There are 2 protein chains.
Amino acid sequence: MTTDLDDRNRRADAQRNRAAILDGTVTCLSVNPRASMAEIAQAAGIGRVTLYGHFSSRRELLEAVVEQTMHEAEAQLAPLDLGGDPRAALDLLIRSSWRIIDKLHGLMAAAEQELGADRIRDHHDRTLHRVRGLIERGQAEGAFRSDQSSSWITACFFAILHGASGEIRAGRLSDRDAATAIPSTIQAIVSVPAGDAVDVGKA
Amino acid sequence: MTTDLDDRNRRADAQRNRAAILDGTVTCLSVNPRASMAEIAQAAGIGRVTLYGHFSSRRELLEAVVEQTMHEAEAQLAPLDLGGDPRAALDLLIRSSWRIIDKLHGLMAAAEQELGADRIRDHHDRTLHRVRGLIERGQAEGAFRSDQSSSWITACFFAILHGASGEIRAGRLSDRDAATAIPSTIQAIVSVPAGDAVDVGKA
DNA sequence: ATCAATTCAAACACTGATGTACGACTTAGG
DNA sequence: CCTAAGTCGTACATCAGTGTTTGAATTGAT
């Protein structure tokens with residue numbers, strides 16, 4: 001994007017403000033996904049006009065925030081070693097993911113209304129593929145159930161994470177409990193059901 | 001409410017229109033949760049002013065629609081016999097629930113923004129208690145896992161149902177597949193995990 | 001047939017949000 | 001210290017949605 005070149009040329013305070021905006025938008029929208037540009041500006045500690053100086057429309061702002069956020073998330077998840085035992089890898093992925101998803105819940109809701117679900121999915125896709133890839137490997141190795149599509153199991157993975165996020169926000173689930181409940185439930189989802197032909201042992 | 005008395009006294013066409021409004025609102029909001037009063041009126045096949053004649057504010061309309069919808073849902077779920085084997089009862093409950101939840105997805109989204117999540121939960125509570133009650137019975141009888149709180153398992157139940165609803169709407173899951181995948185996955189969630197002390201046999 | 005209830009479209013005031021324009025002020029950086 | 005870049009508040013135009021009013025036209029009920 002043009003961003004790289006711009007950043008170098010811009011004055012220090014402008015760069016600082018841009019960062020503050022991106023940051024403030026996330027925290028602001030996670031509290032209230034319908035927050036106005038005025039509220040976002042206030043959350044970022046700057047004037048509304050200055051906000052428009054950096055992003056000429058709400059849409060442009062959302063787009064930038066989503067992109068940066070996805071980039072950050074990717075940076076946290078990419079270095080994970082998801083090789084080895086699929087169960088352990090899945091656990092690792094969950095532990096690294098659920099706080100991110102919790103934090104991003106509001107942002108996604110806001111972005112979905114403004115950018116459309118498809119636009120989100122574009123950004124979401126890498127994370128999605130990572131999860132599905134792992135699940136498919138687990139299925140191939142016989143560690144995960146194969147009687148359901150990887151697509152469905154992946155959807156369940158995200159459904160549980162989002163559900164947990166909601167429970168936490170509603171105060172019905174503590175961070176501590178979430179950390180054990182989520183992995184345990186997802187393991188149950190991917191496991192080969194009791195009655196099936198269990199063909200453990202690497203394929 | 002005053003509704004009961006009013007309905008008798010009102011003219012036939014007014015009653016017809018009121019029903020059309022309630023009906024149109026659901027279908028309209030399930031397509032677009034942010035639909036305006038004008039769009040809702042159009043969907044109901046009446047003029048915008050007439051809409052305001054029946055419901056003096058958007059909030060009042062939403063309230064009425066949510067109440068009626070919940071009432072209908074309750075009417076479908078209340079007669080179910082959830083006694084006997086908890087697993088079978090859960091399956092029955094799922095089969096009766098998931099289409100309802102799918103249909104109501106948009107309505108809930110709209111209502112949540114307008115009425116606040118708490119207001120929704122008030123209406124949602126009966127359904128929620130029904131599910132949790134069943135889960136707790138299953139836990140007491142040893143049919144369901146007891147190492148996780150009934151509150152969490154209930155949340156997972158709804159998370160899966162909502163997730164499935166999203167997958168269907170996105171075209172990644174067919175109605176047919178959903179009908180088998182959902183029960184199967186929820187059974188996996190409630191089941192006692194393999195490593196545990198399995199104390200089957202009615203308590 | 002008549003009367004009251006109901007509907008309708010068009011117009012109105014009001015609100016809240018978006019995006020722009022301006023001139024004064026502050027700050028980074030040479 | 002000087003200048004250009006950046007910020008600020010205020011004010012403005014615009015737009016979309018809400019809720020109201022009005023007066024004429026339909027329509028149900030008796």
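Model, not experiment: these values are computed from the prediction. Chain letters run A, B, ... following the sequence lines, proteins first and then strands; every chain starts at 1.
Between A:Arg16 and the phosphate of D:dG6, there is no side-chain N or O to OP1/OP2 separation shorter than 4.0 Å. A:His54 has a side-chain polar atom (N or O) that falls below the 4.0 Å cut-off from OP1 or OP2 of D:dT7. For B:Asn17 and C:dT6, the shortest distance from a side-chain N or O to OP1 or OP2 is not below 4.0 Å.
Looking at the side chain of B:Val49, the nearest of the listed nucleotides D:dT22, D:dT7, D:dG28 is D:dT22. With distances taken from any side-chain atom of A:Ser36 to the nucleotides D:dT7, C:dA17, C:dC8, the minimum falls on C:dA17. Comparing D:dC8, C:dA5, C:dG29 against the side chain of B:Arg11 picks out C:dA5 as the nearest. Distances from the side chain of B:Tyr52 to the nucleotides D:dG19, C:dA9, C:dT6 place D:dG19 closest. Here C:dG19 is the nucleotide among D:dG19, C:dA21, C:dG19 with the atom lying nearest to any side-chain atom of A:Arg48. Which of D:dA4, C:dT18, C:dC8 sits closest to the side chain of B:Thr50 comes down to C:dC8. Checked against C:dG29, C:dT6, D:dG17, the side chain of B:Ala14 finds its nearest nucleotide in C:dT6. The listed nucleotides are D:dG19, D:dG6, C:dG19; the one nearest the side chain of A:Arg58 is C:dG19.
Regarding A:Phe55, its CZ atom lies at a distance of 15 Å from the P atom of C:dT20, rounded to whole Å. The CD-P distance, from A:Gln15 to C:dG29, rounds to 8 Å in whole Å. For A:Leu61 and C:dA17, the CG to P distance is 16 Å, given to the nearest whole Å. In this structure, B:Asp13 atom CG and D:dA29 atom P are separated by 7 Å, rounded to whole Å. The interatomic distance linking B:Leu51 (CG) with D:dG17 (P) rounds to 14 Å, in whole Å. Straight-line distance from the CD1 atom of B:Ile40 to the P atom of D:dG19: 11 Å, rounded to whole Å. Taking atom CD of A:Glu39 as the reference point, atom C1' of C:dT18 lies 14 Å away to the nearest angstrom. For the pair A:Asn9 CG and C:dG30 P, the interatomic distance rounds to 13 Å; values are reported in whole Å.
A salt bridge links A:Arg172 with A:Glu167; the closest basic N to acidic carboxylate O contact falls under 4.0 Å.
With hydrogens and angles left out, the side-chain atoms of A:Gln148 and B:Ser184 include a donor and acceptor closer than 3.5 Å.
Between A:Lys103 and A:Arg99, the closest side-chain pair of non-hydrogen atoms is not below 4.5 Å. B:Arg126 has its side chain out of reach of B:His129: every pair of non-hydrogen atoms, C-beta onward, lies at least 4.5 Å apart.
Counting distance only, with no hydrogens placed and no angle test, the side-chain atoms of B:Arg10 and the base atoms of D:dG28 include no donor-acceptor pair under 3.5 Å.
Within a 6.0 Å radius of CD in A:Gln42, no more than 12 heavy atoms belonging to other residues, nucleotides or ligands are found.
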